[in-house]
Visitor: 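I am attaching a structure below and will ask some questions about it afterwards.
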2 protein chains.
Amino acid sequence: MNIQFKKGVLEICVLSVLAHKDCYGYELVGEISKRIDISEGTIYPLLRRLKDEGYVTTYLQESVEGPPRKYYRLTESGRTEEHDQKEEWMRFASSVNALLEGTTDAAD
Amino acid sequence: MNIQFKKGVLEICVLSVLAHKDCYGYELVGEISKRIDISEGTIYPLLRRLKDEGYVTTYLQESVEGPPRKYYRLTESGRTEEHDQKEEWMRFASSVNALLEGTTDAAD
DNA sequence: GTAAGTACCTTGCATAGCAAGATACTGTGT
DNA sequence: ACACAGTATCTTGCTATGCAAGGTACTTAC
């Protein structure tokens, strides 16, 4: 999978999963990996950024399966950001598709 | 427009335009900018990479409107790459869309 | 001669993803 | 008791790509 394609996209993916339910980092890796490969070395710095920007808050919760989990919850600002970034992704993706189709349909 | 979204995508956009017709750098900026912002500082290093990897060849052509134009033409290897990268983009974009829709349709 | 449009190019910066490794808790097998 | 696998957190150093800003040079028009 082209690593470059993921740049910026994993952020909206994380925001989108968190819009559905609170998650801890390790869990997010599993959720997102169902569709798109993502590693722990990516998720933790990303979550740190989201917290620094005020899009999420965190709380700790004990686990019987290992060390305590740090859960991430979307803030109101985070919900707005999720909405805006999703729209921007949709616009971007359809621009790319138009360009890829439009420039080849005469040649193909 | 989110700069990060463009990472890796501009390459397939360039390959796709070149699959349709030979272009010079300045012209590619104009073609692609119809859909996606791209600057000259991006296109020239990108074209250099494509040439180094054997996906394009170049030839000079005089112009009455300014300095000579350096045209880029896809090689066979470039056509294969264009096809493969386009498929990969399509797969990637639909994975992202599935993730963005799937994780919110229960919450929305 | 100077400004605007065309056309090429490079340098230095910012960003984000990843491999690899460090830390530590829990349960299982030996 | 010890080792290992699974869970869970985090950091460091590296890589790749896009961009602003700047430089060069040709042509036409004022």
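Letters go in sequence order (proteins before strands), and every chain restarts at 1. Note that the structure is predicted; figures quoted are calculated from it, not measured.
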Visitor: Do the side-chain N or O atoms of A:S39 get closer than 4.0 angstrom to the phosphate oxygens (OP1, OP2) of C:dG17?
Guide: no
Visitor: Which nucleotide, D:dT17, D:dT7, C:dT10, lies nearest any side-chain atom of A:P67?
Guide: D:dT7
Visitor: When all nucleic acid strands are considered with a 4.0 Å heavy-atom cut-off, which category describes A:E40: base, sugar-phosphate, or nothing?
Guide: base
Visitor: Between B:K70 and B:E65, who's closer to the 5' end of DNA chain C by nearest nucleotide?
Guide: B:E65
Visitor: More 5' along DNA chain D: A:K7 or A:T42, using each one's nearest nucleotide?
Guide: A:T42
Visitor: Phosphate oxygens OP1/OP2 of D:dG18: is one of them under 4.0 Å from a side-chain N or O of B:R49?
Guide: yes
Visitor: Here's a test for you: under side-chain hydrogen bond (donor to acceptor under 3.5 Å, both in side chains), which of A:E87, A:H83, A:E81 qualifies with A:Q85?
Guide: A:E81
Visitor: Please determine whether a side-chain nitrogen or oxygen atom of B:Y24 lies at a distance below 4.0 Å from atom OP1 or OP2 of C:dA7.
Guide: yes
Visitor: With nearest nucleotide decided by heavy atoms, which residue, A:G41 or A:G66, maps closer to the 5′ end of DNA chain D?
Guide: A:G66
Visitor: Report which part of the nucleic acid A:G25 touches: base, sugar-phosphate, or nothing (heavy-atom distance under 4.0 Å, all strands).
Guide: sugar-phosphate
Visitor: Between B:Y44 and C:dC9, does any side-chain N or O lie under 4.0 Å from OP1 or OP2?
Guide: no
Visitor: Are more than 12 heavy atoms, taken from residues, nucleotides or ligands other than B:R79, located less than 6.0 Å from that residue's CZ atom?
Guide: yes
Visitor: Can you tell me how the ring of A:F5 sits relative to the ring of B:F92, calling it parallel under 30°, perpendicular over 60° and tilted otherwise?
Guide: tilted
Visitor: Tell me, with the steps shown, if A:N2 and B:W89 meet side-chain hydrogen bond (donor to acceptor under 3.5 Å, both in side chains).
Guide: CA-CA 9 Å; A:N2 189 331; B:W89 160 257; over 6 Å; no
